[in-house]
Amino acid sequence: MDIIKNRIEELRRLLNEYNHQYYVLNAPTVSDKEFDLLLKELEALEATRPDLADPLSPSCRVGSDLTKGFTQVKHIYPMLSLANTYSVGEVDDFVQRVKREIVNEECVLVGEMKFDGTSISLIYEDGRLVRAVTRGDGEKGDDVTANVKTIRSIPLQLQGEGWPRHFEIRGEIVLPWKAFDRLNAERAYNEEPLFANPRNAASGTLKLLNPKEVSRRGLDAYFYYLLGEDLPCGTHFDNMTEARKWGFKVSDAMTRLRTIDDVDRYINYWDTARKELPVATDGLVFKVDNLRQQLNLGYTAKSPRWAIAYKFQAERALTKLRFVSFEVGRSGVVTPVANLEPVLLSGTIVKRASLHNADIIRSLDIHDHDMVYVEKGGEIIPKITGVDTAQRETGAAEIQFVAHCPACGTPLVRIDGEAAIVCPNKNACPPQIKGRIEHFVGRRMMNIDGVGEEMVNDLCDKGYLKNCADLYDLTADQIKSLYVKGDKIADKILGSIASSKAVPYERVLFALSIPYVGETGAKKIARASGDIDRLMAMTEPELMAIEDVGPNIARSTIDFFADEGNRTIVERLRAAGLTMACAAAPEAPTSDRLQGKSIIISGTFSHHSRDEYKALIELHGGKNVGSISKKTDMVLAGENMGPAKLEKAKSLNIPIIDEATFLNMIGE
């Protein structure tokens with residue numbers, strides 16, 4: 001039995017899986033440190049067994065974040081990763097090595113922050129931004145120029161003078177803590193999965209297909225390296241100082257360091273001071289300052305030999321698990337929550353940490369009253385990362401996920417293909433009813449002022465509210481009966497309820513708590529459907545033809561309106577006077593050139609956006625569809641059409657037309 005070979009194969013499998021989760025799915029399941037330790041183990045084992053060399057090994061590549069929805073662009077200079085370490089001693093060894101290799105002249109280093117975001121490369125010509133490309137696989141990345149232009153800290157036209165005619169600058173797209181907290185608060189309110197950290201949120205935001213949504217989220221950017229044939233200075237520090245004058249955000253933490261003692265002091269200082277920064281950081285980077293010295297030191301296959309990244313240890317604490325509670329959300333999902341002995345972590349007292357689902361509980365092997373490790377580090381959301389089994393109480397029982405709803409006693413069910421376990425008793429489970437009403441009255445939904453969590457609880461407990469439509473039957477006497485100063489409260493609430501009848505259709509749709517339909521999705525569905533009656537009659541393919549509406553949203557929308565109870569609520573809301581149609585009537589068709597044609601759009605286009613092409617199809621009598629079938633009449637294909645769609649269209653002999661042909665067909 002070849003033990004080394006088996007371990008190499010297992011490490012390659014694990015690292016490929018983790019790479020995919022991190023770079024493609026933007027949903028990492030292991031910490032950076034765990035990943036780095038596995039990668040180092042693989043590199044060490046491969047060095048002992050050259051006969052097992054594989055050019056596709058994770059040790060020979062930079063993880064990919066390519067997305068089919070964007071045009072791929074080849075980097076002028078490869079975007080390599082940095083060698084990294086968690087050891088101050090290894091940083092000192094790096095400093096000694098480069099100083100030994102640079103003979104007869106001083107070797108100065110530059111220390112700077114390692115921001116925890118997503119890498120970006122910007123190309124400027126004649127002082128104007130012409131292209132923004134993600135790191136991708138290091139050789140080529142996605143062109144995200146339209147999204148990057150929405151980031152207000154990135155200069156579109158440079159300031160000052162002295163920049164090269166053509167240059168590239170690299171940096172990190174980040175989501176500041178304040179914007180991250182706001183975004184996660186929105187997602188929590190909508191019962192959408194929370195982003196684990198600002199890095200995931202920044203990466204996911206940059207790859208959205210809607211630049212307006214990107215702009216709304218509040219991305220920022222810091223820059224740390226200048227490349228080109230005609231740079232203004234011969235040192236990295238001076239080049240970045242010039243870049244700052246041109247309008248780029250360059251961290252004030254960038255400092256020249258001349259000795260190992262300088263480097264160690266820099267590490268010690270920022271290990272604490274970084275916690276006061278407005279953005280997430282996960283380490284420091286040390287670079288040789290002189291560009292000629294960088295060139296002489298050269299590169300390994302994967303990283304420059306003139307730079308190293310030092311990563312901070314994630315902050316964690318050991319505390320006792322008091323008990324696990326199970327909480328029911330408005331969509332019925334049951335979430336286990338670890339209730340902990342209070343512990344100070346990253347400046348805040350942590351008492352609770354989500355355990356997410358039954359699979360996480362099982363993987364952690366948590367028992368009653370275990371001593372558990374809680375981490376924040378780059379994570380704003382506390383999470384349990386392990387158990388100190390040496391301190392486990394004798395005979396302690398495993399934590400088991402509940403089989404029945406903790407609120408109403410209904411047997412729980414697991415959604416096929418998902419980790420979520422839900423209570424199916426949607427119409428009689430108190431937390432679900434109250435949660436949907438709280439959502440309905442929210443500011444971005446119906447904006448019914450004066451009705452918060454406490455009042456919803458009181459009104460439901462009294463039997464005055466059983467669903468959101470009951471709000472419009474509330475009387476002043478019912479409200480007055482609950483409160484000492486009921487007269488003023490009743491007037492305020494009834495006035496706000498009356499005002500909510502003017503809320504536009506798209507917000508009414510969002511307020512209904514259709515599973516998976518968030519604020520942006522509700523807007524798109526509202527505009528595409530025009531009114532509630534059309535929406536309730538739409539088929540799954542018709543719904544999937546709407547931008548960003550996938551199978552889950554389409555199916556949950558159909559299921560929602562198939563429920564007689566939900567349709568009754570809609571009719572009661574309509575009778576109460578709520579807006580159930582878009583203000584502007586759909587534009588009349590301009591021709592029948594595409595009459596009866598079912599058309600699917602795929603790829604990216606030059607003359608119009610995908611939304612504009614969908615509108616043109618409808619204006620000329622055609623119908624947008626979301627998936628290819630025998631009933632599809634043609635495919636409008638742009639650049640980078642999805643290979644699966646292309647193959648299916650060819651197998652069904654469906655005509656594939658390009659942009660110019662389509663425009664000619666409609667007479668444009």
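Starting from 1, each residue takes its place in the sequence as its number.
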* **Salt bridge present between Glu564 and Arg567 (N-O < 4.0 angstrom)** => no
* **Minimum heavy-atom distance Ile558-Thr539, with the two atoms named** => CD1-C, 3.9 Å
* Shortest non-hydrogen contact between Ala353 and Ile384, atoms and distance -> CB-CG1, 4.2 Å
* Could you tell me whether a side-chain N or O of Asn467 sits under 3.5 Å from a main-chain N or O of Ala469, the two making a donor and an acceptor? => yes
* Between Leu474 and Leu465, is any pair of side-chain heavy atoms under 4.5 Å apart? -> yes
* Applying side chain to side chain contact (heavy atoms under 4.5 Å, CB included), name anything that partners Ser215, two or more places apart in sequence or on another chain. => Thr150, Arg152
* **Heavy-atom side-chain proximity of Phe440 to Met446 below 4.5 angstrom** => yes
* Keeping the roles fixed (side chain from Arg507, backbone from Met445), state whether a donor-acceptor pair exists under 3.5 Å. => yes
* When you measure from the side chain of Asp449 to the backbone N and O of Asn447, does any donor-acceptor pair fall under 3.5 Å? -> no
* Structure fact -> With sequence neighbours left out, the residues meeting salt bridge (Lys or Arg N to Asp or Glu O under 4.0 Å) with Arg436 are none
* Which residues pass the salt bridge (Lys or Arg N to Asp or Glu O under 4.0 Å) test with Glu540, sequence neighbours left out? -> Arg555
* **Leu616 side, atom CG; Leu594 side, atom CG - distance, nearest 0.5 Å** => 9.0 Å
* Among all residues two or more places apart in sequence or in another chain, which pass the salt bridge (Lys or Arg N to Asp or Glu O under 4.0 Å) test with Lys320? -> Glu393
* **Which residues share a side chain to side chain contact (heavy atoms under 4.5 Å, CB included) with Arg527, sequence neighbours left out** => Glu506, Lys523
* Which atom of Val279 lies closest to which atom of Pro176, heavy atoms considered -> CG1-CA, 3.8 Å
* Asked: Of the non-hydrogen atoms in Val324 and Pro336, which two are nearest, and what is the gap between them?
  -> CG1-CB, 4.1 Å
* Asked: Excluding sequence neighbours, so at least two apart, what forms side-chain hydrogen bond (donor to acceptor under 3.5 Å, both in side chains) with Gln595?
  -> none
* **By salt bridge (Lys or Arg N to Asp or Glu O under 4.0 Å) - contacts of Glu438 (at least two apart)** => none
* Taking Ser203 for the side chain and Asn200 for the main chain, is one N or O donor matched with an acceptor at less than 3.5 Å? -> no
Contacts table for residues 397-408: side-chain donor-acceptor under 3.5 angstrom, sequence neighbours left out:
none

* To do: Just jot down the side chain to side chain contact (heavy atoms under 4.5 Å, CB included) partners of Lys623, sequence neighbours excluded, or say none.
  => Glu542, Ser598, Val625
* Side chains of Leu509 and Leu535 in contact at under 4.5 Å (non-hydrogen atoms) -> yes
* Asked: Is the backbone of Val144 close enough, under 3.5 Å, to the side chain of Asp142 for a donor and an acceptor to pair up by distance?
  -> no
* Asked: Which residues pass the side-chain hydrogen bond (donor to acceptor under 3.5 Å, both in side chains) test with Asp220, sequence neighbours left out?
  -> Ser153, Lys249
* Which atom pair, heavy atoms only, marks the closest approach of Ile151 to Leu219? -> CG2-O, 3.4 Å
For a quick test of your reading: what N or O donor-acceptor pairs under 3.5 Å do the side chains of residues 572-581 make, sequence neighbours left out?
residue: Arg572; atom: NH1; partner: Asp470; partner atom: OD1; Å: 3.0
residue: Arg572; atom: NH2; partner: Asp470; partner atom: OD1; Å: 2.8
residue: Arg572; atom: NH2; partner: Asp473; partner atom: OD2; Å: 2.6
residue: Arg574; atom: NE; partner: Glu571; partner atom: OE1; Å: 3.1
residue: Arg574; atom: NH1; partner: Asp533; partner atom: OD2; Å: 3.3
residue: Arg574; atom: NH2; partner: Asp533; partner atom: OD1; Å: 2.8
residue: Arg574; atom: NH2; partner: Glu571; partner atom: OE2; Å: 3.2
residue: Thr579; atom: OG1; partner: Lys501; partner atom: O; Å: 3.3
residue: Thr579; atom: OG1; partner: Val503; partner atom: O; Å: 3.2

* Side-chain (Ser496) to main-chain (Ile493) donor-acceptor, under 3.5 angstrom -> no
* Asked: Are the charged groups of Asp359 and Arg362 less than 4.0 angstrom apart, N to O?
  -> yes
* Donor-acceptor contact present, side-chain Thr319 to main-chain Val343, <3.5 Å -> no
* Let me know which of Val451, Val456, Asn457 forms a side-chain contact (heavy atoms from CB on, under 4.5 Å) with Glu453. => Asn457
* Heavy-atom side-chain proximity of Ile525 to Val549 below 4.5 angstrom -> yes
* Does Asn624 use its side chain to pair, donor to acceptor, with the backbone of Ile617 at less than 3.5 Å? -> no
* Report yes if the side chains of Thr557 and Tyr516 come closer than 4.5 Å at any heavy-atom pair, otherwise no. => no
* For residues Leu355 and Leu364, determine if any side-chain heavy atom of one lies less than 4.5 Å from a side-chain heavy atom of the other. => yes
* Answer whether the closest heavy-atom distance between the side chains of Arg352 and Asn339 falls below 4.5 Å. => yes
* Does Tyr472 reach the main-chain N or O of Ile497 with its side chain, forming a donor-acceptor pair under 3.5 Å? -> no
* Phe662: what forms a ring pair (Phe, Tyr, Trp, His ring centres under 6.0 Å) with it, not counting sequence neighbours? -> Tyr613
* Structure fact -> For Val174 and Ala221, the nearest pair of non-hydrogen atoms, with its separation, is CG2-N, 4.3 Å
* Asked: Do NZ/NE/NH1/NH2 and the carboxylate oxygens of Glu186 and Arg216 come within less than 4.0 Å?
  -> yes
* **Heavy-atom side-chain proximity of Thr118 to Lys207 below 4.5 angstrom** => no
